[in-house]
Structure formats: C-alpha cells, structure tokens
Number of protein chains: 2
Amino acid sequence: MGSISFEIHDHSVCTDKTMQEVDAYCETHKLQFTPIRRKVLTIMLEEHRAWGAYEILDRLRSEGQSAQPPVAYRALEFLVKHRFAHKIERLNAFIACTHPGQHHAPAFLICRSCEKVAEAHTEPSSGELGAAAEAIGFHIERTVIEAVGLCATCRDATTQ
Amino acid sequence: MGSISFEIHDHSVCTDKTMQEVDAYCETHKLQFTPIRRKVLTIMLEEHRAWGAYEILDRLRSEGQSAQPPVAYRALEFLVKHRFAHKIERLNAFIACTHPGQHHAPAFLICRSCEKVAEAHTEPSSGELGAAAEAIGFHIERTVIEAVGLCATCRDATTQ
DNA sequence: CCAGGCAACGTTATATCATTACATGGAGCG
DNA sequence: CGCTCCATGTAATGATATAACGTTGCCTGG
Ligand SMILES: [Zn+2]
Ligand SMILES: [Zn+2]
Ligand SMILES: [Zn+2]
Ligand SMILES: [Zn+2]
C-alpha cells in the first residue's frame with residue numbers, strides 16, 4: 001500500500017530502498033542498469049508523483065546529459081518493462097514503482113491537488129473487472145487502474 | 001454489460017437505441033445536440049471500438065465537413081462531458097457510450113487483436129481500489145479502469 | 001588479435017495527440 | 001435593434017511519442 005506517498009515521511013528511505021532493490025534485481029537478472037537509466041530513475045524517485053517524459057528530459061539536460069526525446073523514452077521503456085516504473089495513462093506520465101521487480105498489477109490514487117500519487121496493488125482476476133471479463137471469456141493481460149481525486153491532506157485543507 | 005461488443009449482433013439496434021436516448025436526454029436537459037456533435041457520435045457508433053480524434057476528423061472531412069482539430073475535440077468534449085462517449089486513456093481515443101446519459105463509472109475491456117471494446121460498469125467505492133482509497137482517506141472523483149487482453153473470439157482464433 | 005554480433009546510445013526528423021487564440025455567425029431577448 | 005451567449009471556422013502552436021539510421025563499446029568465437 002502506498003499511503004505513505006501522501007504523508008510526510010523520511011523519503012530518503014524510499015529512494016535508497018528502491019535503488020538497492022533495483023540494483024539487486026538487475027544483478028540477478030543480468031540487466032544493464034546503465035548511468036542514463038539510473039539517472040532517470042533517480043529523478044523520478046525525488047517525489048511520489050508522475051513525471052512527464054519531457055520534464056525528465058529537461059532535467060537530464062540541466063545536468064549536462066545530452067538528451068533528445070528517445071534518450072528519455074528508451075530509459076523509461078526499460079524501467080517500465082522491468083516494472084521499476086509505471087506509466088500513468090491518465091497523465092501521460094511516468095512514476096517510479098514502490099515495489100520494483102515484483103510482478104504486480106498496480107493501481108494508482110492520484111491527487112489532483114498536490115499531484116502526489118500512491119501505488120496500490122490489485123488482483124486483476126478479482127473484483128468487478130475480473131468478473132466482467134470472466135463472464136464473457138475475455139482474457140486480461142494488462143490492467144490500467146487509476147483513480148483521480150483528493151488525498152486526505154488536500155481534502156482537509158479545502159474543507160477548512 | 002458490454003459482452004455484445006465482441007459478438008456478432010444486430011448492431012443497428014445499438015446505433016438506433018443510442019441516438020434515441022441521446023436525443024431524449026438532450027431534449028430533457030436543454031442541450032444542443034448539433035449536427036456536428038450528432039455526426040461525430042454517429043461515426044463513433046459505427047463500431048464498438050475506440051476512435052482517435054484525428055480519425056474522426058478525417059471522416060468529417062471526407063464527408064465535406066470543414067474540420068480542423070478543435071472541431072473534433074469540441075464535439076468530443078461535449079459528448080464526454082455528458083457521458084455520451086468516454087475517453088479510453090490507454091489508447092488516447094474515444095468510444096461511444098453504451099448507456100448514454102446515465103451517471104456511471106465505466107470500465108473497459110479492450111481486445112488488442114480485433115480492437116473491439118466492451119464497456120462494463122463499476123462501483124468505484126467498492127473493490128480493491130475503493131478499499132485502498134478508504135484506508136488512507138482518499139476521496140475518489142473519477143476512475144480509469146481499463147483492461148487490455150484478448151476477447152474470446154480472438155483467443156479461440158489464435159489457439160487453433 | 002580481429003571480425004562479427006549485439007545492446008546501448010546519439011541525433012535528426014517526423015508522427016501523433018491536444019490546445020490556445022481569435023474571428024464569425026446565428027438564436028434568444030429586452 | 002443591440003446585446004449576450006453559445007457554437008463554429010481557422011491558423012498557429014504545444015505536448016507527447018516514435019521511426020530511422022549511424023556510432024560506440026563490449027563480448028566472443030575463430
Ligand atoms: Zn517516499
Ligand atoms: Zn493531495
Ligand atoms: Zn453493437
Ligand atoms: Zn478480439
């Protein structure tokens with residue numbers, strides 16, 4: 001559960017833990033966690049929110065990295081493919097995964113006010129969507145589950 | 001439930017029923033169901049699939065309608081706003097609603113082979129997403145629930 | 001050593017999706 | 001009529017994403 005995303009917390013723990021897990025996963029699976037890929041993930045780990053590809057690109061540039069669009073998109077493709085990051089379809093943007101390497105079906109809670117995003121997990125075959133699919137023999141391969149709304153903090157702020 | 005989307009059926013019934021319901025809804029709610037809006041919905045009703053804005057635009061042009069991008073996007077904005085159509089975020093494309101006017105939270109089953117799309121309904125507050133939201137006091141305003149996979153017909157075709 | 005294969009990266013150009021901004025026109029109304 | 005409102009026409013631009021092709025660096029079989 002990603003409730004931590006909306007709360008004040010020691011975020012360096014999130015960052016360090018993720019990088020360690022990704023490092024270990026790449027070691028185990030013989031994946032090349034190259035400097036560019038590492039840099040992109042590091043940028044995305046700065047905050048629990050979704051990052052546009054061109055926003056990442058700007059960051060790469062500002063850090064001296066040569067950066068045409070494919071540079072960012074290729075790094076993101078790698079990160080998404082191996083589940084170190086996810087694409088938020090609603091936002092056309094990308095977010096670092098909070099459970100890197102684990103094969104999972106993520107669901108997201110997106111606060112439209114503070115823009116923070118929490119990652120939860122689902123069991124695609126269960127629930128209403130799974131039931132609807134089963135009823136008609138539809139085979140689910142990938143799910144997009146995203147909720148937009150207000151986090152507790154932002155809701156409290158607006159109702160006062 | 002939208003299982004009918006993947007089956008052979010008398011599709012003129014879908015089209016006629018939808019147009020009647022939209023007509024009635026607009027009458028009741030004093031909405032202007034203008035020729036362009038009607039034309040766009042008619043195009044989308046041709047098939048149970050998602051249509052790109054520029055695809056609709058091309059169709060409008062081929063039918064003699066002047067058509068710059070805002071023409072299509074404005075009609076789509078109207079249709080989506082009043083729940084006569086939905087946007088499929090995964091595809092950056094739009095689909096005619098099968099329950100026009102009813103206030104509902106749609107979910108979609110998208111066949112990656114035949115590209116047909118079925119619309120099901122969910123109760124956002126229920127299920128895993130609703131539980132995750134409730135657990136952290138997140139207030140859901142809108143949900144994006146989409147599944148990509150293979151419909152029964154396409155799956156049967158590939159396993160033979 | 002060195003040729004060949006391969007994966008990542010550099011770079012240009014282009015494709016695809018969406019919006020801003022401003023002008024025009026017609027319906028309703030005092 | 002003069003006004004407002006809403007829909008539409010149109011040009012320009014912005015935002016997101018990919019195609020295509022060349023280069024580099026590493027590994028490996030010969
Ligand atoms: Zn954190
Ligand atoms: Zn918030
Ligand atoms: Zn039909
Ligand atoms: Zn199919």
Side-chain angles (χ1 to χ4, degrees), chain A residues 22 26-27 29-44 49-82 84-95 110 115 144 146, chain B residues 22-23 26-27 29-44 49-82 84-95 110 115 144 146 148:
Chain A
V22 172
C26 288
E27 182 93 17
H29 294 78
K30 307 275 181 241
L31 301 175
Q32 298 188 51
F33 195 31
T34 64
I36 292 180
R37 293 167 178 175
R38 181 179 298 267
K39 185 72 219 166
V40 170
L41 183 57
T42 301
I43 290 168
M44 286 197 290
R49 68 171 174 93
W51 298 72
Y54 279 72
E55 189 180 8
I56 290 169
L57 210 47
D58 286 343
R59 285 292 310 274
L60 290 176
R61 283 179 183 136
S62 74
E63 293 172 25
Q65 174 70 241
S66 112
Q68 296 302 314
V71 171
Y73 280 101
R74 285 194 287 234
L76 288 166
E77 181 183 29
F78 170 87
L79 295 171
V80 168
K81 176 178 179 183
H82 296 292
F84 304 146
H86 303 291
K87 181 171 186 182
I88 308 288
E89 299 290 349
R90 182 72 219 276
L91 303 175
N92 290 323
F94 302 82
I95 188 166
I110 306 162
E115 299 194 303
V144 176
E146 301 167 0
Chain B
V22 172
D23 270 326
C26 289
E27 182 92 19
H29 294 78
K30 307 276 182 238
L31 301 176
Q32 297 187 51
F33 194 31
T34 64
I36 292 180
R37 293 167 177 175
R38 182 180 296 269
K39 186 71 219 166
V40 169
L41 183 56
T42 301
I43 290 168
M44 285 197 292
R49 68 170 174 93
W51 299 71
Y54 279 70
E55 190 181 6
I56 290 169
L57 210 47
D58 286 344
R59 284 292 308 275
L60 289 176
R61 282 179 184 136
S62 74
E63 292 171 27
Q65 173 71 241
S66 111
Q68 296 302 313
V71 172
Y73 281 101
R74 286 193 287 232
L76 288 167
E77 182 183 28
F78 170 87
L79 295 171
V80 168
K81 176 179 180 183
H82 297 291
F84 305 146
H86 303 290
K87 181 171 186 182
I88 307 288
E89 299 289 350
R90 182 71 219 275
L91 303 175
N92 290 323
F94 302 82
I95 189 165
I110 306 162
E115 297 193 304
V144 175
E146 301 167 0
V148 180

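In what follows, chains are A, B, ... by sequence order, proteins preceding strands, each numbered from 1.
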### Task
Examine distances only and state if a side-chain atom of W51(A) and a backbone atom of M44(A) form a donor-acceptor pair shorter than 3.5 Å.
yes
### Query
Is there side-chain contact between E63(A) and K39(A), with heavy atoms separated by less than 4.5 Å?
yes
### Whole angstrom value for the distance that separates P of dC6(D) from CD of E77(B)
13 Å
### Query
From dA18(C), dG9(D), dA7(D), pick the nucleotide closest to the side chain of R37(B)?
dA7(D)
### Heavy-atom neighbours of Q65(B) CD exceed 12 at 6.0 Å
yes
### Query
Taking the side chain from E146(A) and the backbone from I88(A), do they hold a donor-acceptor pair closer than 3.5 Å?
no
### Task
Mind calculating the distance between CG (L57(A)) and P (dT18(D)) to the nearest angstrom?
14 Å
### Summary
Walking DNA chain C from its 5' end, the first of F78(A) and P70(A) to be reached, judged by nearest nucleotide, is F78(A)
### Task
Report yes if a side-chain nitrogen or oxygen of S66(A) is closer than 4.0 Å to either non-bridging phosphate oxygen (OP1 or OP2) of dC9(C); otherwise report no.
no
#### Entry: Whole angstrom value for the distance that separates C1' of dG14(D) from CD of Q68(B)
16 Å
#### Entry: Among dG9(D), dG10(C), dA7(D), the nucleotide that comes nearest once only the side chain of I36(B) is considered
dG9(D)
### Query
What is the distance, rounded to the nearest whole Å, between atom CG of D58(B) and atom C1' of dT16(C)?
12 Å
### Query
Taking OP1 and OP2 of dA17(D), is either one under 4.0 Å from a side-chain nitrogen or oxygen of N92(A)?
yes
## Note on the structure
To the nearest angstrom, the CZ-P distance between R90(B) and dC17(C) comes to 13 Å
### Message
By the 4.0 Å heavy-atom rule, please label Q65(A) as base, sugar-phosphate, or nothing.
### Response
sugar-phosphate
### 5' precedence on DNA chain D between P69(B) and R74(A) (nearest-nucleotide basis)
P69(B)
### Query
What does E55(B) touch in the nucleic acid at a heavy-atom separation under 4.0 angstrom: a base, only the sugar-phosphate, or nothing?
nothing
### Task
Let me know, please, whether Q32(B) or Y73(A) comes out on the 5' side of the other along DNA chain D by nearest nucleotide.
Q32(B)
### Task
Report the distance from atom CD1 of I56(B) to atom C1' of dT16(C), rounded to the nearest whole Å.
15 Å
### Message
Can you measure E89(B) atom CD to dA15(D) atom C1' for me and round it to whole angstrom units?
### Response
15 Å
### Query
When all nucleic acid strands are considered with a 4.0 Å heavy-atom cut-off, which category describes K87(B): base, sugar-phosphate, or nothing?
sugar-phosphate
### Message
Is it the case that dA18(C) (base atoms only) and Y54(B) (side chain only) share a donor and an acceptor within less than 3.5 Å, ignoring hydrogens and angles?
### Response
yes
### Task
For residues R74(B) and I36(B), determine if any side-chain heavy atom of one lies less than 4.5 Å from a side-chain heavy atom of the other.
no
### Task
Kindly say if T34(B) contacts the phosphate of dT8(D), meaning a side-chain N or O under 4.0 Å from OP1 or OP2.
yes
### Message
In whole Å, I'd like the distance from the CG atom of L91(B) to the P atom of dA17(D).
### Response
13 Å
